[in-house]
Amino acid sequence: MIRSPLMTVMVDSVMKAARSLRRDFGEVENLQVSRKGAHDFVTAADHKSEKILHEALLKARPDFGFVMEESGIVIGKDASHRWHIDPLDGTLNFLHGVPHFAISLGLEREGAYVAGVVYDPIKDELFIAEKGKGAFLNNRRLRVSGRTDMAEALMATGVSPTNRTGFPQFFKEVSAVMEKTSSFRRFGSAALDLAYVAAGRFEGFWEGGLNSWDVSAGVVLVREAGGFVTEYSGADFTPDSVSLIAGNSALHKSLTATLATTR
Ligand code: IPD
Ligand code: CA
Ligand code: CA
């Protein structure tokens with residue numbers, strides 16, 4: 001598989017940040033005894049990863065803008081391109097020494113997500129996609145799952161721990177989905193959840209209250225793997241959307257209908 005110059009820039013930047021994150025994850029396991037120490041260490045690791053990504057991308061594409069989880073928005077000279085960066089998706093897992101987290105890097109062009117990289121540095125799984133060019137996991141082409149029976153589906157979801165008022169609705173949704181499917185997973189990284197939908201591991205994923213840096217890359221991955229991504233309302237997912245439902249063509253519809261029964 002030949003990578004475009006744009007994808008080469010994205011992958012190189014992500015890999016550079018991943019080396020730092022992987023090193024820091026090795027350390028975090030030694031810090032579990034000191035709660036405060038581990039928390040501050042993870043915050044520093046998160047910021048370090050973002051700084052590496054920011055600097056690498058700025059060097060390669062000096063005019064593009066940025067939407068970064070930790071450092072906020074930077075307006076670029078080129079108003080049509082913005083990077084969306086989550087330097088560590090799955091922070092809570094990282095903090096607890098759970099090896100399930102990722103770096104997520106997406107590119108928005110003229111109001112649409114057009115390229116994405118999600119990298120899990122522990123499993124060494126690199127998910128990449130560019131609009132019109134397909135989605136890949138470590139150079140293997142991805143297709144969403146072929147399962148069409150809701151009863152056989154494995155769905156994924158998430159909820160922000162800070163969204164306390166949203167917990168009752170979240171549990172209603174989980175309950176409705178569990179009744180209709182094989183089960184659900186809540187692994188704690190929205191970027192990887194979407195990458196896993198693209199890889200056919202999950203039939204679908206839903207979450208309300210996400211940010212652009214959580215999903216910009218995953219949305220391109222799912223679409224390029226042949227899946228659908230919408231808001232809860234069924235409207236097409238855009239960079240302004242907050243709620244998200246992703247799935248293969250057959251089960252995206254069923255998941256949307258199941259969730260609608262809870263509201
Ligand atoms: C979180 C994770 C989690 C999702 C939350 C996100 P963070 O991102 O993606 O799975 O449920 O909504 O905020 O804080 O680990 O970068
Ligand atoms: Ca995140
Ligand atoms: Ca994060």
Side-chain angles (χ1 to χ4, degrees), residues 13-14 17-18 20-22 24-25 28 38-54 66-73 83-106 108 113 116-123 125 127 154-171 173-174 177 184-198 201-202 204-222 229 231-232 237 239 241-246 259:
S13 310
V14 166
S20 163
L21 216 50
R22 203 185 291 117
D24 284 341
F25 185 67
V28 100
H39 188 275
D40 291 350
F41 183 82
V42 172
T43 305
D46 197 355
H47 284 84
K48 223 189 296 169
S49 170
E50 186 165 282
K51 189 164 182 274
I52 294 169
L53 283 158
H54 185 196
F66 288 85
V67 181
M68 294 176 278
E69 183 178 12
E70 309 302 336
S71 328
I73 294 178
W83 300 112
H84 294 259
I85 299 179
D86 191 336
L88 170 55
D89 187 57
T91 326
L92 208 51
N93 286 340
F94 192 99
L95 175 67
H96 287 259
V98 176
H100 189 78
F101 54 88
I103 292 171
S104 176
L105 170 64
E108 177 189 347
Y113 295 133
V117 172
V118 174
Y119 182 56
D120 174 340
I122 302 303
K123 299 175 202 76
E125 289 195 319
F127 299 87
L154 182 60
M155 300 296 183
T157 187
V159 64
S160 168
T162 56
N163 176 19
R164 293 192 181 257
T165 54
F167 291 174
Q169 173 60 25
F170 173 73
F171 286 110
E173 292 172 6
V174 166
V177 170
F184 84 107
R185 295 288 181 265
R186 193 272 183 268
F187 283 171
S189 161
L192 284 175
D193 290 336
L194 283 164
Y196 283 19
V197 172
R201 295 172 179 173
F202 295 142
F205 165 74
W206 84 97
E207 184 168 344
L210 288 162
N211 292 291
S212 70
W213 51 78
D214 297 311
V215 299
S216 54
V219 164
V220 186
L221 280 161
V222 172
V229 189
E231 299 181 357
Y232 282 8
F237 192 88
S241 304
V242 177
S243 67
L244 183 154
I245 302 179
L259 293 171

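When a ligand or atom number is given, it counts from 1 through the structure's own listing order.
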Any Trp213 side-chain heavy atom under 4.5 Å of Ile85 side chain: no

Nearest-0.5 Å distance, CG of residue Leu92 to CZ of residue Phe101: 13.0 Å

Listed protein N/O/S atoms, distance to the Ca ion (ligand 3) under 3.0 Å: Glu69 OE1, Asp86 OD1, Leu88 O

Sub-4.5 Å side-chain heavy-atom contact between Val177 and Thr157: no

Contact summary for Tyr113 and Pro239, nearest pair of heavy atoms: OH-CA, 3.4 Å

Modelled atom types, side-chain donor and acceptor of Glu50 and Ser71, under 3.5 Å: yes

Side-chain touch Phe94/Asp89, heavy atoms, less than 4.5 angstrom: no

Flag side-chain contact, heavy atom, 4.5 Å: Glu69 against Leu88: no

Per-ligand residue contacts, ligand 1, heavy-atom threshold under 4.0 Å: Glu69, Asp86, Leu88, Asp89, Gly90, Thr91, Gly158, Val159, Ser160, Arg186, Gly188, Ser189, Ala190, Glu207, Leu210, Asp214

Side chain proximity check, Asn163 to Thr165, heavy atoms < 4.5 angstrom: yes

Between NZ on residue Lys51 and CG on residue Asp46, distance to nearest 0.5 Å: 14.0 Å

